[in-house]
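These numbers come from a predicted model, not from an experiment. In what follows, every chain begins at residue 1, and chains take the letters A, B, ... in the order their sequences are listed.
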2 protein chains.
Amino acid sequence: MEGATVRNIAAEAGLSLGALRHYFSTQDELLAYSLKLVKERATARIREIISLDLPPREKFIKTILELVPTNQEKMAEMEVWFAFTAYFRHKPGGLDAQYDGIYPGLQKLMDYAEQSGLLPANIDKEMETERLYALVDGLALHAYLEPQRLDGPKVERVLIHHLSALMATED
Amino acid sequence: MEGATVRNIAAEAGLSLGALRHYFSTQDELLAYSLKLVKERATARIREIISLDLPPREKFIKTILELVPTNQEKMAEMEVWFAFTAYFRHKPGGLDAQYDGIYPGLQKLMDYAEQSGLLPANIDKEMETERLYALVDGLALHAYLEPQRLDGPKVERVLIHHLSALMATED
DNA sequence: TCCTTTTTAATACAAATGTATTGTAAAAAG
DNA sequence: CTTTTTACAATACATTTGTATTAAAAAGGA
């Protein structure tokens, strides 16, 4: 957040301090708005995939792959999420930046997978949701922090491997 | 990092600005040192577990459980790690705060598990290491950001579930 | 005891930064 | 056309913050 000063942002936008202040009366307002923008953009992308007419298995996998930063755009979003979450974490304003809505989304997705017959009957759905959620965010974190070790294709391979194992569980 | 000013830290330590500066001539030096402290403390804890005389399976599981914030102490360390990683990420100094050494550690641990006969012969070890690593850090992240939803015992259950599945893989 | 080194304190300085104030131009409304 | 609202700009202000300077006190060794 070092460079996210009001002046820098105004300059980048080609505005004066006063002009920017006309729209955002405080810095946190501005930052919160930009985080909201990122969230909306990501949500729109995912909704797009869900709306496609695909076989359930493909739709399930594609949707989850969309949650992980495998290209420049998602990498930038990850950067914003990471920095802003750390920034807003200790603000008294109660800005719950941590709640990005991914968990409830994954719950729905798991319901969809189950109803589509993709999941074995005897799995512990709550646990598998939690596990998948952790795996997704863990991969996202590592792809962001160590891109040289964990590139896009590798992230995909690990994720697909996990999903295959999940859909093939037998015990 | 909002409150981690030189003055705050000096006051908390009962020192004057000059006194603190006698030991750390710059703020980043001070922050880097405190991050190093946290890292060393965590490393020591893990080394302690590894040195114990336990059955391989127990040692394997206990070591991995130690990587995840299930108590106040580890939660505080997680907080430091998160804040500092975000802080140092965009510093020109090339302070690689992201590299915490957990991945190589997990590699060794997987080697140990394999040599102890805990792992099926046909697994893709590199992929399983990556998967476990992501799961561990994902759970850590979620336990930190959403402690009300994901408490210590639940983290343990998910992790143990994963490790059981890993050690029982059949395909 | 004297001298050197280490440690601590007080103060100063310059730069950055969030926010407020005031004024002006453009646009919209009547 | 007049007036009112919106958009933008310039400048000012108060604070915070990292770092520097200078000097005094404490500690340790000869």
**Study point:** Those residues that, when tested against B:R45, pass side-chain hydrogen bond (donor to acceptor under 3.5 Å, both in side chains) (two or more places apart)
**Key:** B:E66, B:E73, B:E77
Point to revise | Contacts of B:S34 that satisfy side-chain hydrogen bond (donor to acceptor under 3.5 Å, both in side chains) - sequence neighbours left out | key: none
Expressed as a whole number of angstroms, how long is the span from [X]:[atom1] to [N]:[atom2]?
X: B:L20; N: D:dT17; atom1: CG; atom2: P; result: 15 Å
X: A:Q27; N: D:dT16; atom1: CD; atom2: C1'; result: 13 Å
X: B:L31; N: D:dG18; atom1: CG; atom2: C1'; result: 12 Å
X: A:R21; N: D:dA12; atom1: CZ; atom2: P; result: 17 Å

Tell me, please, which residues at least two apart from [X] pass side chain to side chain contact (heavy atoms under 4.5 Å, CB included).
X: B:A19; result: B:L15, B:S16
X: B:A83; result: B:M1
X: B:V136; result: B:I64, B:L67, B:V68, B:L132, B:L159

Point to revise | Within residues 102-113 of chain B or reaching into it, pairs that qualify as salt bridge (charged side-chain N to carboxylate O under 4.0 Å, His left out) - sequence neighbours excluded | key: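 For residues 102-113 of chain B: B:D111-B:K125.
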Point to revise | Contact list for DNA chain C against residues 12-19 of chain A - heavy-atom distance below 4.0 Å | key: A:L17
I'd like a table of donor-acceptor pairs (distance under 3.5 Å, sequence neighbours excluded) in which one partner is a side-chain atom from residues 48-56 of chain B, with atom names and distances.
residue, atom, partner, partner atom, Å
B:S51, OG, B:E48, O, 2.7

Practice item. Would you grab the first and last nucleotide of DNA chain C (5' to 3') that comes under 4.0 Å of any non-hydrogen atom in chain A? Key: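 Contacts span C:dT17 to C:dA20, reading 5' to 3'.
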Point to revise | Criterion salt bridge (charged side-chain N to carboxylate O under 4.0 Å, His left out) against A:E126, the qualifying member of B:R149, B:K154, B:R157 | key: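 Among B:R149, B:K154, B:R157, the one that satisfies the salt bridge (charged side-chain N to carboxylate O under 4.0 Å, His left out) with A:E126 is B:K154.
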Point to revise | Pairing partner of C:dG30 (Watson-Crick or G-U wobble, both distances under 3.5 Å) | key: D:dC1
**Study point:** First of A:T26 and B:Y23 reached from the 5' end of DNA chain C, by closest nucleotide
**Key:**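 First, find each residue's nearest nucleotide; the 5'-ward one identifies B:Y23.
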Practice item. Find which nucleotide of DNA chain C each of A:S25 and A:T5 is nearest to by heavy atoms, and output the residue with the more 5' nucleotide. Key: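 Residue closer to the 5' terminus by nearest nucleotide: A:T5.
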Point to revise | Non-hydrogen side-chain atoms of B:S116 and B:K59 separated by less than 4.5 Å | key: no
Practice item. Please figure out whether A:H22 or B:E2 has its closest DNA chain D nucleotide nearer the 5' end. Key: A:H22
